[in-house]
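Take a look at the structure below.
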There are 2 protein chains.
Amino acid sequence: MRNAIFILTLGLIFATAGQAFAAEEPQNVIKYRQAVMKAIGGHTGAIAGVVKGEVSFTGDVAAHARGIQEMSKLVSKLFPKGTDNKMQEKTRALPAIWEDRAKFDAAVKAFQAASANLVRVAEAGDPAAFGGGLQELGKACGGCHKPFRAEEK
Amino acid sequence: MRNAIFILTLGLIFATAGQAFAAEEPQNVIKYRQAVMKAIGGHTGAIAGVVKGEVSFTGDVAAHARGIQEMSKLVSKLFPKGTDNKMQEKTRALPAIWEDRAKFDAAVKAFQAASANLVRVAEAGDPAAFGGGLQELGKACGGCHKPFRAEEK
């Protein structure tokens, strides 16, 4: 019994240590967040090149769409409290995210839905439908960037 | 018989038209190529943040690795002749790519192998192995960027 309590206590200590580790420095979360956004931006820009007819790589669109969709699942956790542009430098994330988290969460869900739709459209393989899928994605990007991101200085 | 020849001729005309369409403007290929590289850079930077312990999102690494691997399959065709930094602005791609295409192709294959390995390592889910996988990927990036990319101005 004593051993069991000892082990439980040890477990709690490690659990607490784990949580402490999980609460990373805000500037590191911001740096990671921007790397994720860079990946999303790269994939989206590439799809735009195909949709505009600048390049003929229609077969690449599904790969880019999958990349965006995988990233869309990570976004929500990348906005912990304390990572806004009033508390931190090098970010355009507005405090509005945490003042109206429900609206923010809904916008993230819309992004996830739009990227899942783009994967479906891209994997179906009809290039004529790619533009519509990209447009929907663009709207979803704006759904966060317009209300929740500061203008570029 | 005459009909068959007519249809064959038509087919040839369309095949040629298709090729003409596929030969896009060099500056558009470069723009697309840079979007692909941006996506790779975003994913790689994100993994680096995890490996350095700046963030604890070990569960994200597989998604980033898959993104890089998908992109690695596209890279080879993104370097058609005429897209080097002597013939085009806004690119650091050296003519050496086309002067020693075999070496370039081998470097692309090494990148594909390293990113496939990183997917395996990430999906196996042991964070202690992520650093080794990322290091191998970094070497593969350098395998193209050192001999085949001009210094940043």
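Residue numbers begin at 1 in each chain, while the letters A, B, ... track the order of the sequences.
Placement of B:Val108 and B:Leu74 within a single hydrophobic cluster is found when ILVMFWY residues are connected by side-chain heavy-atom separations under 4.5 Å, directly or transitively. Connection of A:Trp98 to A:Phe148 is established within a shared hydrophobic cluster, with ILVMFWY side chains joined at heavy-atom distances below 4.5 Å, either directly or through further cluster members. Grouping the Ile, Leu, Val, Met, Phe, Trp and Tyr side chains by contacts below 4.5 angstrom, directly or via other members, places A:Ile40 with A:Val51. One hydrophobic cluster, built from ILVMFWY side chains closer than 4.5 Å, cannot hold both B:Phe130 and B:Val119; they sit in different ones. Follow the hydrophobic side-chain contacts under 4.5 Å out from A:Ile30 and you never reach B:Ile47; the two are in separate clusters.
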Checking B:Glu54 against A:Glu25 for the side-chain contact (heavy atoms from CB on, under 4.5 Å) test, could you report, in this order, the C-alpha distance in whole Å, the side-chain angles of both residues, the deciding distance, and whether it holds? CA-CA 8 Å; B:Glu54 292 173 353; A:Glu25 296 294 323; over 6 Å; no

side-chain contact (heavy atoms from CB on, under 4.5 Å), that's the test. Do A:Asp60 and B:Lys77 meet it? Break it down for me. CA-CA 11 Å; A:Asp60 296 2; B:Lys77 71 165 185 277; 2.7 Å; yes

Tell me, with the steps shown, if A:His43 and B:Met71 meet side-chain contact (heavy atoms from CB on, under 4.5 Å). CA-CA 9 Å; A:His43 289 305; B:Met71 294 304 99; 3.6 Å; yes

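Residue contact with chain A, scored on non-hydrogen atoms closer than 4.5 Å, is absent for B:Met37. With a 4.5 Å cut-off on non-hydrogen atoms, B:Lys52 touches chain A through its side chain but not through its backbone. For B:Leu78, the part sitting under 4.5 Å from any heavy atom of chain A is the side chain, from C-beta outward, and nothing else. Interface remark: A:Ile68 contributes no atoms to any contact with chain B (heavy atom separation under 4.5 Å).
Between A:Gly45 and B:Ala35, the shortest heavy-atom contact is C-CB, 4.1 Å. Nearest heavy atom pair, residue B:Val55 against residue A:Asn28, reads CG1-O, 3.6 Å.
With hydrogens and angles ignored, the 3.5 Å screen pairs no side-chain donor or acceptor of B:Glu70 with any backbone N or O of A:Gly67.
Between B:His64 and A:Tyr32, the two ring planes are perpendicular [angle over 60°; tilted spans 30° to 60°].
Atom CD of A:Glu24 and atom CZ of B:Phe57 lie 4.5 Å apart (nearest 0.5 Å).
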